Amino acid sequence: MALTLRSSTSFINFKDSSSLKTPDDYSGMVCFAQIRPTCRLRARNSMQEAPISRERPSQLEGRKNEQGEKLHGLPAPHSQNGSRVPVFVMLPLDTVSVGGNLNKPRAMNASLMALKSAGVEGVMVDAWWGLVEKDGPLKYNWEGYAELVNMVQNHGLKLQVVMSFHQCGGNVGDSCSIPLPPWVLEEISKNPDLVYTDRSGRRNPEYISLGCDSLPLLRGRTPIQVYSDYMMSFRDRFKDHLGEVIMEIQVGMGPCGELRYPSYPETNGTWRFPGIGEFQCYDKYMKSSLEASAEAIGKKDWGNGGPHDAGHYNQFPEDTGFFRRDGTWNSEYGHFFLEWYSTKLLEHGDRILAAAEGIFQGTGAKLSGKVAGIHWHYKTRSHAAELTAGYYNTRHRDGYLPIANMMGKHGVVFNFTCMEMKDEQQPEYANCSPQGLVRQIKMATRTAGIELAGENALERHDAGAYAQVLATSRSDAGNGLSAFTYLRMNKHLFEPNNWQNLVEFVKSMSEGGRHTRLPESDTSRTELYVGFIKGKSEQKINEAALV
C-alpha cells in the first residue's frame, strides 16, 4: 500500500483533542560497526522486492487503450540528467515536543552528525500548526524549531520546513498525535461544518474544509488569513536563516500536507487499501458552492449533493454505478461534478500558494507543494481513487497538468511520492501503476516547466527501492528530480546494512545516478569509502548512542 507516511486522518473526538501522545519510538543506536559493502545499486536491481504478480486479462481493463497511452504517454527519451540530485532525510514527527522544545537534543545531534558524514544535503521537519499556535490565536512558539535550526546550521546541513496545517495521528506511519490547535477545535465543536464531511455525515478534523477558505470563521479570520499569519510569523522569526540554512518551505495544502481531499481515512477501519474512497463535499459550505455552480448552468438538480451511485470507501470501481467502466463519471453530469470538485481543490491550492509567494518572495527560500501518489485503480478507466481525492485524472483526461500549471504560476516545486515503487510489487487486484503515475507526473511537470522533487511513499531500506529511485531521478523520459527526501530518520535507518545502502544511494544521487557503489579509497577526504567503513568496523568503536 502506498500511503505517505506523514499522512494522518482521524474522526473527531473532542475529549481526546488536547492529549498529545509522543511514544518513545526514536531511541536506539547510531552504529557504524560491522558495516560492509553490499550489493551494487542498479536501475533494475530487484533485491528484497515482493514477488512479481501476473495480471489476469480481465483485470487489465483496457490497459493498452491507444487513446489513454497517447494522453499519458511520454515522448522519446532524451539525454540523461547528469546533474547532482541532493538528498534530504525526514526527521521524526515528534522532533519538537508538546511543550515546544526540541525532543532528545543529544540524539538529534548525534543523528545529524551521522547524516552529514553520509553526504546528505539536509533534513526536513514538520512545523506543526497544532504545536506552534496552540496557546491561542496569533500566539506563536517557535523556540523548539529555533534550536533545531541552529543545530542543523552547526552541522553544515540544510533544512526543509513543512508548514503543516493538518493534524498528525491516525494513519499509517504516524507515531504521535498532534491535533489542530485547541482554539481551532473549539470553533469546530461549535461549527462542525468547518471540517470535511462525507455522504454519511462523518466529520474529519484533520484539516479545515476548503469550502470556508474565504469566510472569517476562525475568530474573525479566514483560514487563508490564519495560514498567512502563521507563515509571516515564521518568516519574521527565521529571516536571518531563510535562503542560508532554511532552503525550502513546503506549504501544506490539505490532509498529510498534500493538495487533496481526505478521501481515504484509515481511522477505525473506515478505509482500507485499495478502496476507492469517498467524495468529501457534504459540509454546508461545499454544498452551497455546488448548488450555486449547478444553478449557474441551469441544472439545479445537480446541486443536491455528490453522486448518489459513487459507492463506499472500500468498494471497487466496478461495484459502483459512477466509477465502473462505462459509468456516470463519463456522463454530462459526471463531467460537471468532477470539474467542480477538482476546480475547488485547484483554487484552494492557488490561494494558499499565492499567499506564500508574497510572504517568502525575496527570502532566498524555495517554495514547494505536495501531491499525493494515489496509484491504486490507476489502470482502470475512471481512476476512481484519484477522483475522490480531487484529481480529475481519467483514461481520457490529464488531471495533473492543471495542478502543475497552477504551481508553476507561483514558482513552486512539485513534490511527489511513489518514487521507490514498481508496478510488479503491487497486488494485481488493485490495478496499481505507481510507475505509470510517476511517468505522467514527470510529463506534466516538464510540460509546465517546473521542478519535480520526490519522496518515497513507504519506509524502505533495501537496495531495490533505492535503485528504483535512482532510475526515476533521471530525465530519460520526462522531468528529472531536482531533489529527493527520504522517509524517514529512525533507529532502523542506522542499522548497519540499512546505513550502508543509504550511503551508497546518496553517493549515487550526488553523481546523477551514475555511481553504483562506494570506492575502496577516497582522496577527497570525505570519509565515505569502503576502506574507512571497514576500518571502523574492525575497530568497533565508532558508535553514537541515541539517548
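What you are looking at is a predicted structure, and each value in this text was computed from that prediction instead of being measured. Both backbone and side-chain heavy atoms feed into the values below; hydrogens, waters and symmetry mates do not.
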Verify whether one side chain among [X] and [Y] offers a donor that lies under 3.5 Å from an acceptor in the other.
X	Y	value
S368	N415	no
N431	T380	no
N490	E459	yes
Q440	D398	yes
E386	N393	yes
N103	S97	no

For [Y] together with [X], are the ring centres under 6.0 Å from each other?
X	Y	answer
W329	H383	no
F337	F279	yes
F165	W128	no
W271	Y313	no

Take W340 and W302, measure what side chain to side chain contact (heavy atoms under 4.5 Å, CB included) needs, and give me the verdict at the end.
CA-CA 11 Å; W340 168 80; W302 289 0; over 6 Å; no

If the test is side chain to side chain contact (heavy atoms under 4.5 Å, CB included), which one of R221, M231, R219 qualifies with V226?
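The option that passes is R221.
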
Take K409 and E357 through the salt bridge (charged side-chain N to carboxylate O under 4.0 Å, His left out) test and state the conclusion after the steps.
CA-CA 10 Å; K409 184 170 70 171; E357 182 184 17; over 6 Å; no

Step-by-step salt bridge (charged side-chain N to carboxylate O under 4.0 Å, His left out) determination, R397 to E339
CA-CA 11 Å; R397 187 182 190 279; E339 187 69 38; 3.2 Å; yes

Looking at every non-hydrogen atom in both residues, tell me the closest pair between [X] and [Y] and how far apart they are.
X	Y	value
H377	F316	CE1-CD2, 3.7 Å
A385	I374	CB-CG2, 3.6 Å
S228	I359	O-CD1, 3.4 Å
I208	P223	CG2-CG, 3.9 Å
G305	Y333	O-OH, 3.7 Å

Is a side-chain donor or acceptor of [X] paired with a backbone partner of [Y] at a separation under 3.5 angstrom?
X	Y	value
Q435	D423	yes
R488	L91	yes
K442	L437	no
E258	M253	no
T388	I276	yes
S288	K284	no
T95	P92	yes
N456	L487	yes
S200	R202	no

With sequence neighbours excluded, tell me which residues meet ring-ring contact (aromatic ring centres under 6.0 Å, His included) with Y486.
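Scan of Y486 (ring-ring contact (aromatic ring centres under 6.0 Å, His included), adjacent residues dropped) gives Y466.
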
Rounded to the nearest 0.5 Å, what separates atom CG in L452 from atom CE in M443?
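Going from the CG atom of L452 to the CE atom of M443 covers 12.5 Å.
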
Taking atom OH of Y230 and atom OG of S164, what is their separation to the nearest 0.5 Å?
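It is 7.0 Å, given to the nearest 0.5 Å.
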
Could R325 and F323 be counted as a cation-pi pair, given that NZ or CZ must be under 6.0 Å from the ring centre and within 45° of the axis?
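Geometry flag: not set, cation outside 6.0 Å or 45°.
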
Before you tell me yes or no, could you show the steps for D193 and R203 under salt bridge (charged side-chain N to carboxylate O under 4.0 Å, His left out), namely the whole-Å CA-CA distance, both residues' side-chain angles and the distance that decides it to 0.1 Å?
CA-CA 8 Å; D193 285 290; R203 311 285 189 175; 3.0 Å; yes

Step by step, work out the side chain to side chain contact (heavy atoms under 4.5 Å, CB included) result for Y285 and T197.
CA-CA 10 Å; Y285 306 107; T197 307; over 6 Å; no

Got I403 and Y392 here, is their nearest side-chain heavy-atom distance under 4.5 Å?
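No, every pair of side-chain atoms sits at 4.5 Å or beyond.
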
Test W376 against Y264 for ring-ring contact (aromatic ring centres under 6.0 Å, His included), laying out the working first.
CA-CA 12 Å; W376 50 103; Y264 48 97; 5.4 Å; yes

Could you list all the ring-ring contact (aromatic ring centres under 6.0 Å, His included) pairs where at least one residue sits in residues 397-422, not counting sequence neighbours?
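As it turns out, the ring-ring contact (aromatic ring centres under 6.0 Å, His included) pairs with a partner in residues 397-422, which skip direct neighbours, are Y391-Y400.
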
Qualifying ring-ring contact (aromatic ring centres under 6.0 Å, His included) pairs with a residue from residues 195-221, counting only residues at least two apart or across chains
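Output for this query lists Y196-Y261, Y207-H348.
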
Using side chain to side chain contact (heavy atoms under 4.5 Å, CB included), reason through H312 and R199 one step at a time and then give a plain yes or no.
CA-CA 9 Å; H312 303 293; R199 189 161 57 116; 3.6 Å; yes

Test log, rule side chain to side chain contact (heavy atoms under 4.5 Å, CB included), inputs V413 and K366
CA-CA 8 Å; V413 178; K366 281 186 176 183; 4.2 Å; yes

Take K370 and E455 through the test salt bridge (charged side-chain N to carboxylate O under 4.0 Å, His left out) and record every step on the way to the result.
CA-CA 10 Å; K370 189 174 179 181; E455 297 177 3; 2.8 Å; yes

